Amino acid sequence: MNIRILNSREDLNATAATVIASLLLSKPQAMLGLATGSTPIGIYRHLADMYRKGQVSFAHAYSVNLDEYVGLAPEHPQSYRSFMNEHLFQHIDIPISHTRVPNGDALDLTAECAAHEQAILDHGPVDLQLLGIGHNGHIGFNEPGHSLTGATHVVDLKERTRSANARFFGDIDAVPRQAVTMGVGTILKAKQIMLVAFGAEKADIIRQALTGPVTTECPASLLQCHPDVLILLDQEAGGWFK
Ligand code: F6R
């Protein structure tokens, strides 16, 4: 794994955005694996800036998102589809038909999971998968446990995850109890993975994921098995790494 500690959060966002933009310059039709949550917001802001300045185009790119809450319609303000539209897609030139966020409101969620896998097969493999990390080591919504599921599937969210995400909903009771997520197998099929984390509250779990045993109890530790992983950390999240 290639681990880089950046001086500031701004540097972190700019570096991650540059990695994505460089991929698109060399491969305009690349498939990007995208994430939601607090971590990528600054990266998406940088990408939108770069697009406005004519430094990158997404016109031929495809994107596929990691996950979506079960039960939220795409137009729900807290859905990950709304998040992606608001923070990235509406600011750049990617055709919306080239973007895929799982539909957590699908009547047949099993078919929806299969359709997500098929979309990756149709336009993939994912060239670059962007990841954040949960406080419990989850990637996508693959929660720690005795086992993990390889392909896209429906998952029960841990209370820790629901309470961490309550900040977006205002009230923990409003946070869905389930999500559709790419499985760890799907994530590990990406050609390159870029995991980004900032803040002292991520330092412990990052250290565990990168230096501890590879275990389903810390799903991010499985990244140790991937041949091309870039880890971008700020000083607070990566200060332990000398
Ligand atoms: C989001 C996702 C999650 C988040 C993780 C960290 O699509 O898949 O794994 O990356 O929960 O969230 P933040 O960035 O809000 O700390």
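Keep in mind that the numbers below use all heavy atoms, side chains included, and drop hydrogens, waters and symmetry copies. What you are looking at is a predicted structure, and each value in this text was computed from that prediction instead of being measured.
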Report task. Search all heavy atoms of Val126 against all heavy atoms of Gly33 and return the closest pair with its distance. Result -> CG1-N, 3.6 Å
Query raised in the report: Should the heavy atoms of other residues, nucleotides or ligands under 6.0 Å from NE2 of His135 be counted, would the total exceed 12?
Result: yes
Report task. Starting at CD of Gln78, measure out to OG1 of Thr36 and round the result to the nearest 0.5 Å. Result -> 11.0 Å
Query - Thr152 backbone acceptor or donor facing Glu117 side chain under 3.5 Å - result: yes
Query raised in the report: Does anything in residues 104-127 pair up under ring pair (Phe, Tyr, Trp, His ring centres under 6.0 Å), and if so which pairs, sequence neighbours excluded?
Result: Tyr62-His123
**Report entry** Residue pairs, two or more places apart or on separate chains, that pass ring pair (Phe, Tyr, Trp, His ring centres under 6.0 Å) and touch residues 161-190
**Finding:** Tyr69-Phe169
Report task. Specify the closest pair of heavy atoms between Asn142 and Thr149, including all atoms of both residues, with the distance to one decimal. Result -> OD1-O, 4.0 Å
All N/O donor-acceptor pairs, side-chain side in residues 223-232, below 3.5 Å, sequence neighbours left out:
{"residue": "Gln224", "atom": "NE2", "partner": "Ala209", "partner atom": "O", "Å": "2.7"}
{"residue": "Gln224", "atom": "NE2", "partner": "Gly212", "partner atom": "O", "Å": "3.0"}
{"residue": "His226", "atom": "ND1", "partner": "Asp228", "partner atom": "N", "Å": "2.9"}
{"residue": "His226", "atom": "ND1", "partner": "Asp228", "partner atom": "O", "Å": "3.4"}
{"residue": "His226", "atom": "NE2", "partner": "Leu188", "partner atom": "O", "Å": "3.4"}
{"residue": "His226", "atom": "NE2", "partner": "Ala190", "partner atom": "O", "Å": "2.6"}

Report task. Return the minimal non-hydrogen interatomic distance between Leu66 and Ala35, and the atom names on each side. Result -> CD1-CB, 3.7 Å
Query - Lys158 side chain reached by Asn136 side chain, heavy atoms, under 4.5 Å - result: yes
Report task. Determine whether Pro125 and Lys189 make a side-chain contact, defined as any pair of heavy atoms from C-beta on separated by less than 4.5 Å. Result -> no
Query - Rounded distance (nearest 0.5 Å) linking atom CZ of Arg162 with atom CG of Leu157 - result: 7.5 Å
Report summary line: So the salt bridge (charged side-chain N to carboxylate O under 4.0 Å, His left out) pairs with at least one residue in residues 90-101 (sequence neighbours excluded) are Arg100-Glu112
Query - Full working for side chain to side chain donor-acceptor pair (under 3.5 Å) between His46 and Glu10 - result: CA-CA 9 Å; His46 263 274; Glu10 210 39 34; 3.0 Å; yes
Report task. Using modelled atom types only, decide if a donor and an acceptor are shared between the side chain of Ser57 and the backbone of Ala59 within a distance under 3.5 Å. Result -> yes
Report task. Indicate the atoms forming the closest heavy-atom contact of Gly238 with Ile5, along with that distance. Result -> O-CD1, 3.6 Å
Report task. Quick one: list whatever passes side-chain hydrogen bond (donor to acceptor under 3.5 Å, both in side chains) with Ser38, sequence neighbours left out. Result -> Arg167
Query raised in the report: Taking C-beta and beyond as the side chain, do Ile3 and Phe241 meet within less than 4.5 Å on heavy atoms?
Result: yes
Report task. Identify, with sequence neighbours excluded, every residue that meets side chain to side chain contact (heavy atoms under 4.5 Å, CB included) alongside Gln118. Result -> Leu121, Asp122
Requested in this report: Using the side-chain hydrogen bond (donor to acceptor under 3.5 Å, both in side chains) rule, collect all pairs that involve residues 11-20, keeping only residues at least two apart or in two chains.
Outcome: none
Query raised in the report: Quick one: does Pro219's side chain get under 4.5 Å of Leu148's, heavy atoms only?
Result: yes
Query - Ile43 vs Leu130 side-chain heavy atoms within contact, under 4.5 Å - result: yes
Report summary line: The side-chain hydrogen bond (donor to acceptor under 3.5 Å, both in side chains) partners of Thr99 (sequence neighbours excluded) come to Arg81
Query raised in the report: Under 3.5 Å, is there a donor-acceptor pair between the side chain of Arg9 and the main chain of Phe198?
Result: no
Query - Test side-chain hydrogen bond (donor to acceptor under 3.5 Å, both in side chains) applied to Ser79 - qualifying residues, sequence neighbours left out - result: Ser82
Query raised in the report: Side chain of Thr181, backbone of Gly183: donor and acceptor closer than 3.5 Å?
Result: no
Query raised in the report: Does any pair with a residue in residues 47-72 pass salt bridge (charged side-chain N to carboxylate O under 4.0 Å, His left out), and if so which ones, sequence neighbours excluded?
Result: Asp49-Arg52
Report task. Would you check if the side chain of Lys202 reaches a backbone N or O of Ile133 as a donor-acceptor pair within less than 3.5 Å? Result -> yes
Query raised in the report: Is there a donor-acceptor contact under 3.5 Å from the side chain of Thr161 to the main chain of Gly134?
Result: no
Report task. Look up atom OG in Ser63 and atom CG in Leu32, then write down how far apart they are to the nearest 0.5 Å. Result -> 6.5 Å
Query raised in the report: In terms of hydrophobic clustering (I, L, V, M, F, W, Y; side-chain heavy atoms under 4.5 Å; direct or indirect links), are Val101 and Val175 co-clustered?
Result: yes
Query raised in the report: Hey, are the side chains of Leu6 and Arg4 touching, using non-hydrogen atoms and a 4.5 Å cut-off?
Result: yes
Requested in this report: Output, in order, the C-alpha distance, side-chain angles, deciding distance and verdict of side chain to side chain contact (heavy atoms under 4.5 Å, CB included) for Glu217 and His146.
Outcome: CA-CA 7 Å; Glu217 297 296 343; His146 295 309; 3.5 Å; yes
Query raised in the report: Going hydrophobic residue to hydrophobic residue with side-chain gaps under 4.5 angstrom, can you get from Leu25 over to Ile92?
Result: no
Query raised in the report: So which residues get pulled into Val180's cluster when ILVMFWY side chains under 4.5 Å apart are joined, directly or through others?
Result: Val70, Leu109, Val154
Query - Interatomic spacing from CG in Leu210 to CD in Gln208 - rounded to 0.5 Å - result: 10.5 Å
Report summary line: Between Ala21 and Leu47, the two heavy atoms sitting closest are N-CD2, 4.3 Å
Query raised in the report: Taking a hydrophobic cluster as the set of Ile, Leu, Val, Met, Phe, Trp and Tyr residues connected by side-chain heavy atoms closer than 4.5 Å, whether directly or through intermediates, do Leu23 and Ile94 fall within one such cluster?
Result: yes
Query - Pairs touching residues 124-143 that satisfy salt bridge (charged side-chain N to carboxylate O under 4.0 Å, His left out), sequence neighbours left out - result: Lys27-Asp127, Asp127-Lys191
**Report entry** Thr39 side chain vs Ala197 backbone, donor-acceptor pair below 3.5 Å
**Finding:** no
Query raised in the report: How long is the gap from CE on Met84 to CD1 on Ile96, to the nearest 0.5 Å?
Result: 9.0 Å
Requested in this report: Could you state whether Met194 and Met50 fall into the same hydrophobic cluster, counting links through intermediate Ile, Leu, Val, Met, Phe, Trp or Tyr residues with side-chain heavy atoms under 4.5 angstrom apart?
Outcome: yes
Query raised in the report: Do Asn85 and Gln90 have a side chain donor and acceptor closer than 3.5 Å?
Result: no
Query - Interatomic distance, Gln29 atom CD to His60 atom NE2 [nearest 0.5 angstrom] - result: 9.0 Å
**Report entry** Shortest non-hydrogen contact from Thr216 toward Gly145
**Finding:** OG1-O, 2.6 Å
Query - side chain to side chain contact (heavy atoms under 4.5 Å, CB included) between Leu34 and Phe89, worked out - result: CA-CA 11 Å; Leu34 298 177; Phe89 298 151; 3.9 Å; yes
Report task. Would you check if the side chain of His153 reaches a backbone N or O of Ala151 as a donor-acceptor pair within less than 3.5 Å? Result -> yes
Query raised in the report: Heavy atoms, side chains only, cut-off 4.5 Å: are Trp240 and Asp204 in contact?
Result: no
Query raised in the report: Hey, what's the ring geometry for Tyr80 with Phe83, parallel, tilted or perpendicular (30° and 60° as the breaks)?
Result: perpendicular
Report task. Indicate, with yes or no, if Ile205 and Met1 share a hydrophobic cluster defined by side-chain heavy-atom contacts under 4.5 Å among Ile, Leu, Val, Met, Phe, Trp and Tyr. Result -> yes
**Report entry** Val56 side chain near Ile20 side chain, heavy-atom distance below 4.5 Å
**Finding:** no
